[in-house]
Amino acid sequence: MRLRLLLTIGMMMFATVSVHAQKGKITGKVIDKQSSDGVEYASVTLLNPKDSSMVKGVGAMTGSNGSFTLNAPYGTYLVRVTFMGYAPYIHSERVTLSAQHPTVALGKIVISPSSAALDAVVVTAERTMVEYQLDKRVVNVDKNLVASGGTATDVLQNVPSVAIDNDGNVSLRGSNNVKVLINGRPYELMGNDLESLLEQTPASSVESVEVITNPSAKYDPEGMSGIINIKLKDKASAAMGLNGAASLNLGTPLAFLRSDYPDVLPSVMPTSMATLSLNYTTEKYNLFLSADGGVRSRGHIGHSYRERLRNDTVWSRDTIDQYSQSRNYMGSIKIGGEYFFNEKNSLLASYQLRGGSRHRWNDITARDLYSNGLLDYHQIDTNDNSNINHNFNLHYTKKFDEKDRELTADATFSMRRVRGEGSQEQTYFVGSGNDSSAIWNNYYLRSSESKNRHEALNLQLNYVHPFANGWKLETGYEGRMDWPDQDAWYYRTEYDATHVLNRRYDSLSSTHFNYTQQVHAIYATYGGKIAENLSLQAGLRGEYAMTYGKDLNHPNTKPVDKTYWQLYPTLHISYQINKMQSAQFSYSRRVHRPHMWDMNPYMNVREGQELSFGNPNLDPEFTNAFELSYNLGFEKVNIYTSAYFRQTNNMITWYGFVWDSASAAHYSWWEPYNSEYDGYWASAPQNLNNGYNYGLEFIVDWQVMKWWKMNVSVNLYKNRIEGTSLLDNKSSEAFQASGKFNSFMTLPKDWTIQFSGQYWAPWLDLQTKMYGNYWFDLAVKKDVLGKRGTVNLRVGDVFCTGGWGHETFTEQLNRVTRSKRLSPTVTVGFTYKIGSGLRQQKPEMPQMEDEGEGAGEGEGGGY
């Protein structure tokens, strides 16, 4: 009897030990209730049902689409999901893992933003402004109020580390060599130049902005400082039935209320934007339609002092007052749909028609200080263009039975047509000691016409293959082909000896530049966990590039004809120190290929007697980029720091000089010399020796109180540029700094207030010192009509401090310039949601329950 009892007890103990020695698997996908998007980096843990204590050594972080896989010993548990800004979630039923049921699929777990009462204040938390992922930062801008009623330009102005100057140039961490993508595709495929595209894209259509400072080999290596990917709300999430939204925003600068407002500028510069987005979803297909249209007006006031020198002697000195206005009309319509053949195969097709017109006007008065008013003049510059763009896209997705295994194919074709015309007219005054002959002898009218076309094709094939050990291989092909053509005619009108106006064709300045560029690439990345908390991803991309360009109007000029093979390695290492701390290291080799307009010898004559043109002799520049980052997260504060270093060879920089026969032969030997521009300030891009950029970046997300959160970013960096013998071996280095902050307050009765500000410290390049500048924006939002409607008020540059300025001191030019935008600007808007407003999810396919993108086991996830 005792023996039988001992045997029974021994068998039970053995069975118990055996059961606990084996592990089962729990899978699921964490979803945001409001947006139906997957929640990345949510923490999934197991609790003991008896006392709700946390089971040690067991946990997981969700992957990029919210999926997770958690391994745990056989037993019964409670599943808890937590994420900053969201109410904790505990699964309603206990989960049991056993030999009979080793795998439990929880399906979709929906978590809601936290809501609490504090001093009678009703609070609803939003998604954090910045999410930190392994190789990128995701800035959620869909709730950004200061950009409401504006365009994508306003959105980027509020993204940490990103800046847009007065000419629409985008920079990242102080570098203009950044690649801008729209929904993961080059912006050129949208058929616009970047400035026009950003101005023609409503802020309400932007969902988020991804800042990728050291991209993997999967991405195009173009962009020395990294990639900015603007994600648009092309289609709704998985909401069933008909859903959508309509909005209208109206605004204008209020600068005309000031007593010193110039009479030459119109009192009202209207800005308006209307948008409509509709989405109809069933279990088999998803149809979407979006349309937008509006007008955007801007104005600037500028003042300059300028001296031109020859052999260290001043030969010209004047002041310039400039008043400018621009007005952009824009509109687009996009239609498309996605068809789900089954749970593993889908095809998406879309077409977008985008068009617009832009009018720019400058009023310039120049006072001649050198000759006592002998050459005072008044100049009017106008520039008008219209464009129409067609964009076609096909995207195929195939999923496999194996988790995370996926094949995608993407094809995008775009066509763009642009017509433009412009004029510059200088009328000279009769100054003291001057006779009327100056009017006839110096009168100047330059007019231009242009016709541009651009076709582009982008193809991409991508395959992801997971392995049993948790590692993952991603490989594919990407090809891009561009065929732009720019034809420009210039005419000059002058008085002859009998004071009769004659118009003649300027054959030296007129160009017809035909250009072709092809880039074909194959790439592969391989990554996974090499230890419990240590992940690695290595990649290699090989590219063949070919460019050919020719100025058909000047057949004797040297054509652009370059081909080259290049390899671009990448490396990413991530270490999860503990639940609160993580560190990442990354390296990538990158390239900046000269664009068509960098190599096009087309001579662009601008206001203030300035001109610029491209350099067909340019070679690509290459950069080695290193970055080390550290992330520390507390319950209410997240601190992100990053140290970076970039070393660039063959650096491309624009260099300026006073146009004359000697300088043109030395600095721009490829450009036909035209004596009519003698004395103009000319600039063209040049290849320099080396450039260095290194700095520190800090980003803090702080939930100050339950109803108040802030985001603060600071970037401290130093640039060094080394010149070549062509530029007399000149070099320059400068320390630079920038900072941004955003403050969000959620108040009672559905009121929300956002206050933001930016600061840019002075900085230097080879020839120019840029002045520092700062400004502040304010926005207020109120939900109405049972939260179906939203009224918003936005005030840009509240204290009228925004502006730009720079000074240039060279052997040929001394110049000080200051420019100020017309502000403040006030915009009022209204948005109405169409549909039920409920996001009823599609029934989850049994085969899809376990799928996840980037989900990993244990803490920190993985590749």
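The figures that follow rest on heavy atoms only: side chains count, while hydrogens, waters and symmetry mates do not. Residue numbers run from 1 in the order of the sequence given.
- There is a side-chain donor-acceptor pair under 3.5 Å between Asn693 and Asn719.
- For the residue pair Gln736/Tyr717, the side-chain donor-acceptor check at 3.5 Å is satisfied.
- Between Glu222 and Arg593 there is a salt bridge, with a side-chain nitrogen of the basic residue lying less than 4.0 Å from a carboxylate oxygen of the acidic one.
- If you take CG on Asp485 and CZ on Phe513, they are separated by 10.0 Å, rounding to the nearest 0.5 Å.
- Between the Thr570 side chain and the Ala217 main chain, a donor and an acceptor come within less than 3.5 Å of each other.
- At a threshold of 4.5 Å between non-hydrogen side-chain atoms, the residues Thr493 and Arg446 do not count as touching.
- Using a cutoff of 4.0 Å between basic side-chain nitrogens and carboxylate oxygens, Arg453 and Glu455 are scored as salt-bridged.
- Side-chain contact of Asn387 with Asn389: a donor-acceptor pair under 3.5 Å is present, judged by distance alone.
- In this structure, a donor-acceptor pair under 3.5 Å is absent between the side chains of Asn553 and Asp551.
- The two residues Ser510 and His554 have their closest heavy-atom pair at O-CE1, 2.9 Å.
- Residue Asn650 holds its CG atom at 9.0 Å from CG of Leu618, rounded to the nearest 0.5 Å.
- For His300 and Trp804, the ring centers are positioned less than 6.0 Å apart.
- Environment of CG in Asn502: crowded, with over 12 heavy atoms of neighbouring residues, nucleotides or ligands closer than 6.0 Å.
- Side chain of Asn462 to backbone of Gly476: no donor-acceptor contact under 3.5 angstrom is found.
- For the residue pair Asp678 and Ser675, no side-chain donor N or O sits within less than 3.5 Å of a side-chain acceptor on the partner.
- Checking each of Trp659, Tyr673, Phe613, Tyr655 against Tyr667 for a ring-ring contact (aromatic ring centres under 6.0 Å, His included) leaves exactly one that passes, namely Tyr655.
- Ring planes of His520 and Tyr544: parallel class, angle under 30° (limits at 30 and 60°).
- Side-chain atoms of Gln460 and Asn458 form no donor-acceptor pair, as typed in the model, at a separation below 3.5 Å.
- Remark: side-chain polar atoms of Arg308 are not paired, donor with acceptor, to backbone N or O of Gln812 under 3.5 angstrom.
- Between the CZ atom of Arg720 and the OG1 atom of Thr648 there is a distance of 13.5 Å, given to the nearest 0.5 Å.
- Separating the CZ atom in Arg646 from the CZ atom in Phe626 is a distance of 12.5 Å, to the nearest 0.5 Å.
- Of the N and O atoms on the side chains of Asn383 and His359, not one donor lies less than 3.5 Å from an acceptor on the other residue.
- Other residues, nucleotides and ligands contribute more than 12 heavy atoms inside 6.0 Å of the NZ atom of Lys550.
- Both tests pass for Arg818 against the ring of Tyr771: distance under 6.0 Å to the centre and angle within 45° of the axis.
- A salt bridge is defined here as a Lys NZ or Arg NE, NH1 or NH2 lying under 4.0 Å from an Asp or Glu carboxylate O, and Lys451 with Asp487 fails to meet this definition.
- The minimum heavy-atom distance linking Tyr523 with Leu461 is given by the pair OH-O, 3.7 Å.
- Taking a cutoff of 4.0 Å between a charged side-chain nitrogen and a carboxylate oxygen, Lys718 and Glu733 qualify as a salt bridge.
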*Can you check side-chain contact (heavy atoms from CB on, under 4.5 Å) on Ile380 and Trp361, steps first, answer last?*
CA-CA 7 Å; Ile380 297 293; Trp361 172 85; 3.8 Å; yes

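- Remark: the Tyr305 side chain and the Arg317 side chain contain an N/O donor-acceptor pair separated by less than 3.5 Å.
- Using modelled atom types and a 3.5 Å distance limit, the side chains of Ser683 and Ser612 yield no donor-acceptor pair.
- Residue Leu459 qualifies as enclosed at atom CG: its count of foreign heavy atoms under 6.0 Å is above 12.
- Here the straight-line distance linking atom CG of Leu457 with atom OG of Ser414 works out to 8.5 Å at 0.5 Å rounding.
- Separating the CD atom in Gln517 from the OH atom in Tyr548 is a distance of 15.0 Å, to the nearest 0.5 Å.
- Around atom CD of Glu449, more than 12 heavy atoms belonging to other residues, nucleotides or ligands sit under 6.0 Å away.
- Salt-bridge formation is detected for the pair Arg541/Glu543: a Lys NZ or Arg NE/NH1/NH2 atom is positioned less than 4.0 Å from an Asp or Glu carboxylate oxygen.
- Dense packing is recorded around CZ of Arg589, with more than 12 heavy atoms of other residues, nucleotides or ligands lying under 6.0 Å away.
- Using modelled atom types, one finds no donor on one side chain facing an acceptor on the other under 3.5 Å when comparing Ser216 with Thr525.
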*Could you give me the CA-CA distance, side-chain angles and deciding distance for Asp506 and Asn674, then say whether side-chain contact (heavy atoms from CB on, under 4.5 Å) is met?*
CA-CA 10 Å; Asp506 185 353; Asn674 191 336; 3.6 Å; yes

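- Ionic pairing of Arg310 and Glu811 is not present here: no N-O contact between side-chain nitrogen and carboxylate oxygen is shorter than 4.0 angstrom.
- Remark: the backbone N or O of Tyr370 is paired with a side-chain donor or acceptor of Asp368 at under 3.5 angstrom.
- Geometric assessment of Arg503 against the ring of Tyr491 yields a positive cation-pi assignment under the 6.0 Å and 45° thresholds.
- Of the N and O atoms on the side chains of His595 and Asn600, not one donor lies less than 3.5 Å from an acceptor on the other residue.
- By the 4.0 Å N-to-carboxylate-O rule, Asp619 lies close enough to Lys562 to be salt-bridged with it.
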